[in-house]
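Notes to accompany the following structure.
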Amino acid sequence: MKKTLLLATVAAATLTAGIASAGTMADVQARGKLNCGVTGGQAGFSAPDASGVWQGMDVAYCRAIAAAVLKDPNAVNFVPTTGQTRFTALASGEIDILSRTTTWTFSRDVDLKFTFAGVNFYDGQAFMVPKALGAKSAKDLNGATICIQTGTTTELNLAEYFRKNSMTYEPVPVENNADIAQKYLAGACDVYTSDGSDLASTRSSFKTPQDHVILPDVISKEPLGPLVRQGDDQWADVARWTLQALIAAEELDVTAENVEKLSAGTDNPEINRLLGKEGNLGEQLGLDAAWAKRVIAAEGNYGEIFAKNIGEKTPIGLARGQNALWNQGGLMYPLPFR
């Protein structure tokens, strides 16, 4: 019933947005601010720091879009959303883009009428348990109470996994990450299940993270990425190619530090096209020639953003793994700028 109501609400909001969604870039430029939907607080992806400044992988992407379109990476209004409210916020026009660890699925793309700009993080659903529980694998969780965020693919994945393995569980549904963490720590559930990156992010905030274990089982594929409303191809192109610019910049070794120097011209034609020294890629997007230069200068290339926010030297401590570049054993493969 919840899913039916959500689909109906999003469908109605999409119809309401309808014609208005056809000129999102013009709306953003007229407003002078990008309205970006994020989580209410997920360390490493989108959360305010001690000074109230938003930080994270998804936040950096929003700043890159603002740099491209508004020439100011700080011209962003971050709008916190939950698993239940995020799609309605996008469909209704409350936000211009959703950058919130959202899995690219058939129904979200086709039925809810959204366009994904690409994948900015390859993930998978996992399980976190107190070390004292003694579980070594998800197969040890038969009969467990499990905290789970509502309105996510996690709910369906969990049900299917336990059904396939002839196991039972008792769900403890919660709307947002902060509440799940509190319930889990308070012992309201034995297990916390979510994307592996989310579990690592949450565990890093615990007073004694070493007392909690993320089990090795990964039970799903979760290609996460930003999305926009369908029906506005120009805005979708800007969203897509901003992400590609960040990934291509890492492959081409264009960084926040050297982008100014390289923008003067190099012996590499692809760098020259990316940074606007050759060709007219910016014009084709409806932007100026220096759009990608500003994108990279905002917070660095994809690798720099990853390392700063969730990499192995951060409290979250994630290795690149699948999110390494294609030529370094990962899945990140930039599309050609030509």
Side-chain angles (χ1 to χ4, degrees), residues 24-26 28-29 34 57-75 97 99 104 115-122 223-228 232-309 311 320-338:
T24 307
M25 187 159 77
V28 170
Q29 290 173 329
L34 173 72
M57 287 275 291
D58 293 331
V59 166
Y61 172 75
C62 292
R63 291 202 175 108
I65 292 277
V69 175
L70 299 171
K71 303 182 181 180
D72 180 1
N74 295 313
I97 189 164
S99 183
W104 189 345
T115 295
F116 281 78
V119 177
N120 71 345
F121 194 87
Y122 289 96
L224 310 178
L227 55 154
V228 298
D232 188 343
D233 290 344
Q234 182 188 32
W235 186 238
D237 284 343
V238 169
R240 179 178 301 109
W241 288 100
T242 294
L243 175 58
Q244 292 302 315
L246 293 171
I247 300 170
E250 181 182 9
E251 182 184 64
L252 296 168
D253 199 25
V254 181
T255 67
E257 183 178 353
N258 67 20
V259 67
E260 182 67 37
K261 178 180 178 181
L262 294 177
S263 66
T266 74
D267 294 330
N268 187 321
E270 188 159 16
I271 292 179
N272 292 342
R273 287 193 296 271
L274 176 65
L275 299 183
K277 187 64 177 178
E278 296 179 13
N280 65 339
L281 300 185
E283 180 183 343
Q284 293 178 48
L285 280 174
L287 300 171
D288 65 344
W291 70 277
K293 172 185 170 182
R294 293 192 300 273
V295 162
I296 299 159
E299 292 203 26
N301 62 38
Y302 179 84
E304 291 177 287
I305 292 170
F306 188 105
K308 171 187 173 182
N309 292 289
R320 287 293 293 270
Q322 296 177 106
N323 295 292
L325 290 177
W326 65 282
N327 53 9
Q328 295 175 14
L331 299 175
M332 285 295 168
Y333 191 117
L335 303 178
F337 280 81
R338 60 169 62 254

If you look at every heavy atom in [X] and [Y], which pair is closest and at what distance?
| X | Y | value |
| --- | --- | --- |
| A248 | F337 | CB-CE1, 3.7 Å |
| K277 | G265 | CG-CA, 3.9 Å |
| A292 | A245 | CB-CB, 4.4 Å |
| E299 | A60 | OE1-CB, 3.5 Å |
| I305 | G300 | CD1-O, 3.6 Å |
| N301 | V254 | ND2-O, 2.9 Å |

>> I'd like to know whether R338 forms a salt bridge (Lys or Arg N to Asp or Glu O under 4.0 Å) with E278, so could you lay out the CA-CA distance, the side-chain angles of the two residues, the decisive distance to 0.1 Å, and finally the verdict.
In response: CA-CA 10 Å; R338 60 169 62 254; E278 296 179 13; over 6 Å; no
>> Run W235 and V28 through side chain to side chain contact (heavy atoms under 4.5 Å, CB included) and show every step you take.
In response: CA-CA 10 Å; W235 186 238; V28 170; 4.0 Å; yes
Mind checking the [atom1]-[atom2] spacing from [X] to [Y]? Nearest 0.5 Å is all I need.
| X | Y | atom1 | atom2 | answer |
| --- | --- | --- | --- | --- |
| T115 | D233 | OG1 | CG | 7.5 Å |
| M332 | Q322 | CE | CD | 9.5 Å |
| L287 | D237 | CG | CG | 10.5 Å |
| Y122 | N120 | OH | CG | 9.5 Å |
| L246 | E251 | CG | CD | 13.5 Å |
| N268 | N272 | CG | CG | 7.0 Å |

Can you find a pair of side-chain heavy atoms, one from [X] and one from [Y], that are under 4.5 Å apart?
| X | Y | answer |
| --- | --- | --- |
| I271 | L275 | yes |
| W241 | L335 | yes |
| V238 | M25 | yes |
| L331 | W326 | no |
| L325 | Y333 | no |
| I296 | L274 | yes |
| P226 | F116 | no |
| V259 | T255 | no |

>> Applying salt bridge (Lys or Arg N to Asp or Glu O under 4.0 Å) to R294 and D72, what does each step give before you reach the verdict?
In response: CA-CA 8 Å; R294 293 192 300 273; D72 180 1; over 6 Å; no
> How about T24 and D232: does a side-chain donor come under 3.5 Å of a side-chain acceptor?
Replying inline: yes
Can any side-chain N or O of [X] pair as donor or acceptor with the backbone N or O of [Y] at less than 3.5 Å?
| X | Y | value |
| --- | --- | --- |
| N309 | F306 | no |
| S263 | E260 | yes |
| Q234 | L285 | yes |

>> Any salt bridge linking D58 with R63? Criterion: basic side-chain nitrogen under 4.0 Å from a carboxylate oxygen.
In response: no
